[in-house]
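Everything numeric in this text was worked out from a predicted model, so none of it was measured. Each ligand, and each atom within it, is numbered from 1 in the order the structure gives.
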Amino acid sequence: EKGGYEHFMLKEIFEQPRSILDSMRGRMIAENNHLMMGGIREYENKFANAQRILIVACGTSWHAGLVAEYLIEDLARIPVEVEYASEFRYRNPIVNENDIVIAISQSGETADTLAAIELAKSKGATIFGVCNVVGSSIARATDAGAYTHAGPEIGVASTKAFTAQVTVLTLIAMMIGSKRGAIETSKLYELIAELEQIPAKVEQTLKLDKQIEEISAIYKDVTNFLYLGRGYNFPVALEGALKLKEISYIHAEGYPAAEMKHGPIALIDEHMPVVVIATKDSSYEKIVSNIQEVKARKGKVIAIVTEGDTTIPAMADHVIEIPETSEHLMPLLSVVPLQLLSYHIAVMRGCNVDQPRNLAKSVTVE
Ligand code: F6R
């Protein structure tokens, strides 16, 4: 049932070219630049006219929500707020009938996310779900939604569900942006063409597995890790750190790279590995400076870079080269090496990667 893989997590990581494709299937026809999503059709005008979108989720799904915030604000120009469902539900939030709430959940059973939905509903907001499990409690509690169609995710650490969520949320951002006239047609077409190529580029990224396993062997015994990213790669830094914590029990922190100087830089010495997601995008020059700051303090840098980069390889201790794509879509590629890094480190530490201690696949407790 693990399809020849040693663990479900590894199988699910390797399934991503397929699961991402499945999450787009019937929703994007690249040949004629067509986007459609059954779940959104009825609410298309509501989305297009929304004054504000709230996103509620927990854990990895919350990270997908952060990527969606950047996408929706950039492509559709609608203000977005991303909330931990558990904070939102207990803090007397301001919600009204004009708000659209997007709830993101793999399992569709997360108690805090469900309660956040009920609260927003009671205030008259429209609730849109992005769930993986068909017929789940959250899917049933929403007014409309889009399934991620990633297939069953068995490993407790979420991998293919995350990339499917990001894919669906990207499609939603592009659809609303196009409906509102907020995105130039040429840019929309360019993104559609790029998105079409993502499954093949994930496949290419998965070929880095052996290299990542070798890097993992070097760092498997450390006690701390720092993950840095900017822009679209900031939520990826958070997600990479969460994956490592969950399954290897190594303490890891994800940070927006520019915030390092406001505190975490004090932690950096020759014992601190720092994973920097430094792909070629609008903040590239800035993140190169962040790598210099880490190196000046003798930190060990594992850099995720765009293929062909010549600057960072001269500075970093290890370089993992991933294919080029639009910065809007980069999380779909840049998260993959981080999933593999956490997987291999956990296996080498003898951890139970599919069933990490203290964690459950569906968090139905509050
Ligand atoms: C991380 C992980 C958890 C879940 C979180 C939300 O690998 O699995 O952080 O993402 O418990 O779960 P869902 O998406 O089912 O609501």
Determine whether Y227 and Y255 satisfy the following criterion, ring pair (Phe, Tyr, Trp, His ring centres under 6.0 Å), listing intermediate values before the conclusion. CA-CA 6 Å; Y227 286 72; Y255 247 84; over 10 Å; no

Which ligand 1 atoms, with their elements, are less than 4.0 angstrom from a heavy-atom of K243? 1 (C), 7 (O)

Under a 4.0 Å threshold between the charged nitrogen and the carboxylate oxygen, would E239 count as salt-bridged to K243? yes

Exactly one of R52, K46, K121 should register a salt bridge (charged side-chain N to carboxylate O under 4.0 Å, His left out) with D99. Which one does? R52

Record the part of T110 in heavy-atom contact with ligand 1 below 4.0 Å; permitted values are side chain, backbone, both and neither. side chain

Among V67, V236, V202, which residue satisfies the side-chain contact (heavy atoms from CB on, under 4.5 Å) criterion with V335? V236

Please indicate whether any nitrogen or oxygen in Q165 is less than 3.5 Å from any nitrogen or oxygen in ligand 1. no

Can you name the atoms of ligand 1, numbered from 1 with element, that are less than 4.0 Å from a heavy atom of E246? 1 (C), 2 (C), 7 (O), 8 (O)

Would S362 count as a contact of ligand 1 if the rule is a heavy atom under 4.0 Å away? no

Using a 4.5 Å cut-off on heavy atoms from C-beta on, say whether the side chain of E214 contacts that of H318. no

What's the spacing between L359 CG and I247 CD1 if we round to 0.5 Å? 10.5 Å

Give the residue and atom name of whichever protein heavy atom lies nearest to atom 10 (O) of ligand 1, and the separation in Å to one decimal. T60 N, 3.0 Å

Against heavy atoms of A157, which atoms of ligand 1 measure under 4.0 Å? 7 (O)

Any salt bridge between E44 and R41, counting N to O under 4.0 Å? no

Quickly, which of I345, D209, I320 forms a side-chain contact (heavy atoms from CB on, under 4.5 Å) with L340? Name it, please. D209

With a cutoff of 4.0 Å, is T113 in contact with ligand 1, counting heavy atoms of the residue only? no

Any donor-acceptor pair under 3.5 Å linking the side-chain atoms of H328 with those of Y70? no

Show me which atoms of ligand 1 lie under 4.0 Å from any heavy atom of S105. 13 (P), 14 (O), 15 (O), 16 (O)

Atom 11 (O) of ligand 1: which protein heavy atom is closest, and how many Å away? V363 CG2, 3.8 Å

Does any N or O of ligand 1 fall below 3.5 Å from an N or O anywhere on K361, backbone included? no

When only distance counts, is V156 in polar contact with ligand 1, meaning an N/O pair under 3.5 Å? yes

I need the nearest protein heavy-atom contact for atom 6 (C) of ligand 1: residue, atom name and distance, please. C58 O, 3.3 Å

Please list, in number order, the atoms of ligand 1 under 4.0 Å from a heavy atom of S61. 10 (O), 13 (P), 14 (O)

Quick note on ligand 1: atoms under 4.0 Å from a heavy atom of G59 include exactly 9 (O), 10 (O)

Any salt bridge between E12 and K160, counting N to O under 4.0 Å? no

